[in-house]
Protein chains: 2
Amino acid sequence: MSATILLVEDEERLARFIELELTSEGYSISVAHDGFTGLTMARESPPDLLILDWMMPGMTGLEVCRRLRATGSKVPVILLTAKDEVSDRVAGLDAGADDYVVKPFSIEELLARVRAHLRRNHEDNPDLLQFDDLTLNRSSREVHRSGRSIELTAKEFELLDYLISHPRQVITRDQILEKVWGYDFMGDSNIIEVYVRYLRLKLEENQEKRLIQTVRGVGYVLRE
Amino acid sequence: MSATILLVEDEERLARFIELELTSEGYSISVAHDGFTGLTMARESPPDLLILDWMMPGMTGLEVCRRLRATGSKVPVILLTAKDEVSDRVAGLDAGADDYVVKPFSIEELLARVRAHLRRNHEDNPDLLQFDDLTLNRSSREVHRSGRSIELTAKEFELLDYLISHPRQVITRDQILEKVWGYDFMGDSNIIEVYVRYLRLKLEENQEKRLIQTVRGVGYVLRE
DNA sequence: GTGCTGGCTCAAAAGCTGCTGAGGGTTTGG
DNA sequence: CCAAACCCTCAGCAGCTTTTGAGCCAGCAC
């Protein structure tokens with residue numbers, strides 16, 4: 001699933017140009033040509049990233065940004081501005097923008113910043129998850145460790161998916177039960193231990209170092 | 001508790017200037033004058049924000065950034081660079097930097113970026129608790145003192161977590177029992193003393209100064 | 001100094017946790 | 001229908017964590 005970007009830019013030619021470039025990078029773009037429309041669109045279907053022109057007739061980009069932040073939105077915002085004065089930059093960042101690009105800019109620079117901000121935010125739900133020499137592909141449901149392919153059952157896959165999407169974070173038994181088994185276990189069951197064991201057997205088939213660590217009294221964590 | 005910033009900059013005069021400015025804004029700054037030292041410091045006591053000069057003899061700022069990211073660090077990084085070419089900016093952002101400031105810059109601009117990144121980070125990472133040279137990370141359940149990692153059992157961790165989340169506040173025995181053991185103890189038990197001792201042994205392994213102070217007749221307090 | 005109280009230290013006992021191997025019920029696919 | 005794969009349970013055990021108790025020490029009142 002590709003990232004969605006909302007571009008708010010009143011100059012039609014520039015907007016069209018940016019739209020084409022971003023589209024050809026595989027993003028899914030919507031465009032608004034004034035601040036008010038942009039704000040409405042951002043509220044109605046929040047994009048993964050917002051690119052705002054600063055100077056626009058009517059509501060400025062800065063104002064759009066401030067209003068969004070005021071209602072708790074955390075979408076990353078990149079401001080486009082012709083202004084190159086320090087006081088303006090400061091105002092933009094303090095108003096809650098995450099970044100700005102000064103016009104005229106090279107499209108490469110804008111793309112790099114888009115990548116940087118999306119990486120931060122979109123890290124929440126990518127399809128290809130990696131940790132150390134381990135990779136898990138959600139769409140093909142394949143798992144590899146240092147090159148070789150590993151066959152997992154459904155439950156094993158779900159468990160590893162959960163762990164690898166929270167690397168270096170300790171996950172409690174309760175969280176695992178809730179997420180992978182989806183119910184509160186009555187009485188006691190050692191089902192988690194059993195599945196962790198299955199995973200370890202498969203992931204460490206060839207004396208590779210242990211990635212799933214036990215945190216006694218709490219749960220498990222993916223850590224080198 | 002003020003945010004900690006690590007500045008890595010080989011030009012001594014510039015480093016000194018930035019340090020003074022940031023200090024007067026209320027941040028707590030450490031400075032390294034080369035990349036290797038900076039990397040080590042960043043690993044040993046992770047700051048809330050890292051400011052890296054790009055061009056340095058030995059290890060460049062870009063390299064420091066890449067290495068930190070490779071080990072999973074998510075600390076926000078601002079690059080300082082004299083280079084103003086697009087390809088360089090792109091490389092920096094793609095290497096995992098969050099932002100860069102082009103020299104010569106106005107101090108106001110740097111400050112605004114520092115504020116922007118700290119604001120963002122403090123929102124999504126309230127799990128890292130610090131006191132003096134001690135850090136406790138709730139999500140990874142890791143504890144460090146002046147760089148070295150410390151292994152704690154579940155109860156030890158809970159106790160330290162409680163103390164470190166009320167720094168310089170005296171905590172009574174009853175509060176500790178209630179919070180960590182979760183019940184009113186019948187009769188007497190010296191369990192708190194025992195666990196405080198365990199913690200002290202582990203936290204002061206190398207003759208470091210005592211952080212957990214006894215308040216006779218009342219309880220304990222985390223204090224320098 | 002003496003006695004008292006609260007805290008510290010040490011080590012052993014008790015209690016748990018997580019790991020393991022085996023096995024049984026259930027579903028899937030040929 | 002049968003076999004294989006899968007999901008889950010159980011019980012034993014080893015090792016770690018937690019708790020207990022007894023003795024000791026430090027600070028304080030007298």
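Letters A, B, ... mirror the listed sequences (proteins, then strands); counts begin at 1.
- For A:R173, the side-chain atoms get nearest to C:dG18 when compared with the rest of C:dC10, D:dT9, C:dG18.
- As rounded to whole Å, 13 Å separates atom P of C:dA22 from atom CG of A:L201.
- Between B:L52 atom CG and B:L80 atom CG the span is 8.0 Å, to the nearest 0.5 Å.
- Between the side chains of B:H117 and B:D98, not a single donor N or O lies within less than 3.5 Å of an accepting N or O.
- The two residues B:V180 and B:E158 make their nearest non-hydrogen contact at O-OE1, 3.8 Å.
- When each of B:G219 and A:G217 is assigned the nucleotide of DNA chain C with its nearest heavy atom, B:G219 is the one assigned upstream, toward the 5' end.
- Here C:dC19 is the nucleotide among C:dG7, C:dC19, C:dT20 with the atom lying nearest to any side-chain atom of A:Y220.
- A:E205 and A:R145 are not joined by a salt bridge, as no carboxylate oxygen comes within less than 4.0 angstrom of a charged side-chain nitrogen.
- Remark: A:E193 does not engage A:R200 in a salt bridge, criterion side-chain N to carboxylate O under 4.0 Å.
- Between B:L136 atom CG and B:S165 atom OG the span is 8.5 Å, to the nearest 0.5 Å.
- Between the base of D:dG21 and the side chain of B:N190 there is a donor-acceptor pair shorter than 3.5 Å.
- For B:I171 and C:dG7, the CD1 to C1' distance is 18 Å, given to the nearest whole Å.
- You'll find the side chain of A:L22 reaches within 4.5 Å of the side chain of A:I51, heavy atoms only.
- A distance of 15.0 Å separates CD in A:E224 from CZ in A:R210, rounded to the nearest 0.5 Å.
- Salt bridge status for B:R113 with B:E109: present, with a side-chain N to carboxylate O gap under 4.0 Å.
- For the pair B:I212 CD1 and C:dC8 P, the interatomic distance rounds to 11 Å; values are reported in whole Å.
- Applying the 4.0 Å criterion to OP1 and OP2 of C:dG6, one finds that B:T214 has every side-chain N and O outside that range.
- Computed from coordinates, the A:E193 CD to D:dG12 P distance equals 17 Å when rounded to whole Å.
- Remark: A:R200 is in phosphate contact with C:dC19, judged by side-chain N or O atoms under 4.0 Å from OP1 or OP2.
- Considering CD1 of A:I5 and CG of A:D48, their distance stands at 8.0 Å, rounded to 0.5 Å.
- The CD-C1' distance, from B:E204 to C:dC8, rounds to 13 Å in whole Å.
- In this structure, the separation between CG on A:L160 and CG on A:L199 is 5.5 Å, given to the nearest 0.5 Å.
- Among the protein residues, B:V194 comes within range of the nucleic acid bases, having at least one heavy atom under 4.0 Å from a base atom.
- Note that the CZ atom of A:R216 and the OG1 atom of B:T153 stand 10.0 Å from one another [nearest 0.5 Å].
- The distance from atom CZ of B:R210 to atom C1' of C:dC8 is 10 Å, rounded to the nearest whole Å.
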With 3.5 Å as the limit, what N/O pairs link the protein to nucleotides 24-27 of chain C?
none

Can you check nucleotides 14-18 of chain D for protein contacts, nitrogen or oxygen pairs under 3.5 Å, and list what you find?
{"unit_1": "D:dG15", "atom_1": "N2", "unit_2": "A:R216", "atom_2": "NH2", "d": "3.0"}
{"unit_1": "D:dT18", "atom_1": "OP1", "unit_2": "B:K155", "atom_2": "N", "d": "3.2"}
{"unit_1": "D:dT18", "atom_1": "OP2", "unit_2": "B:T153", "atom_2": "OG1", "d": "2.4"}
{"unit_1": "D:dT18", "atom_1": "OP2", "unit_2": "B:Y195", "atom_2": "OH", "d": "3.4"}
{"unit_1": "D:dT18", "atom_1": "O5'", "unit_2": "B:Y195", "atom_2": "OH", "d": "3.1"}

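- Recorded end-axis angle for the helix from C:dG1-D:dC30 to C:dG30-D:dC1 stands at 30°, based on five pairs per end and rounded to 10 degrees.
- Between the C1' atom of D:dT19 and the CD1 atom of B:I192 lies a distance of 13 Å, rounded to the nearest Å.
- Between B:S189 and the phosphate of D:dT19, there is no side-chain N or O to OP1/OP2 separation shorter than 4.0 Å.
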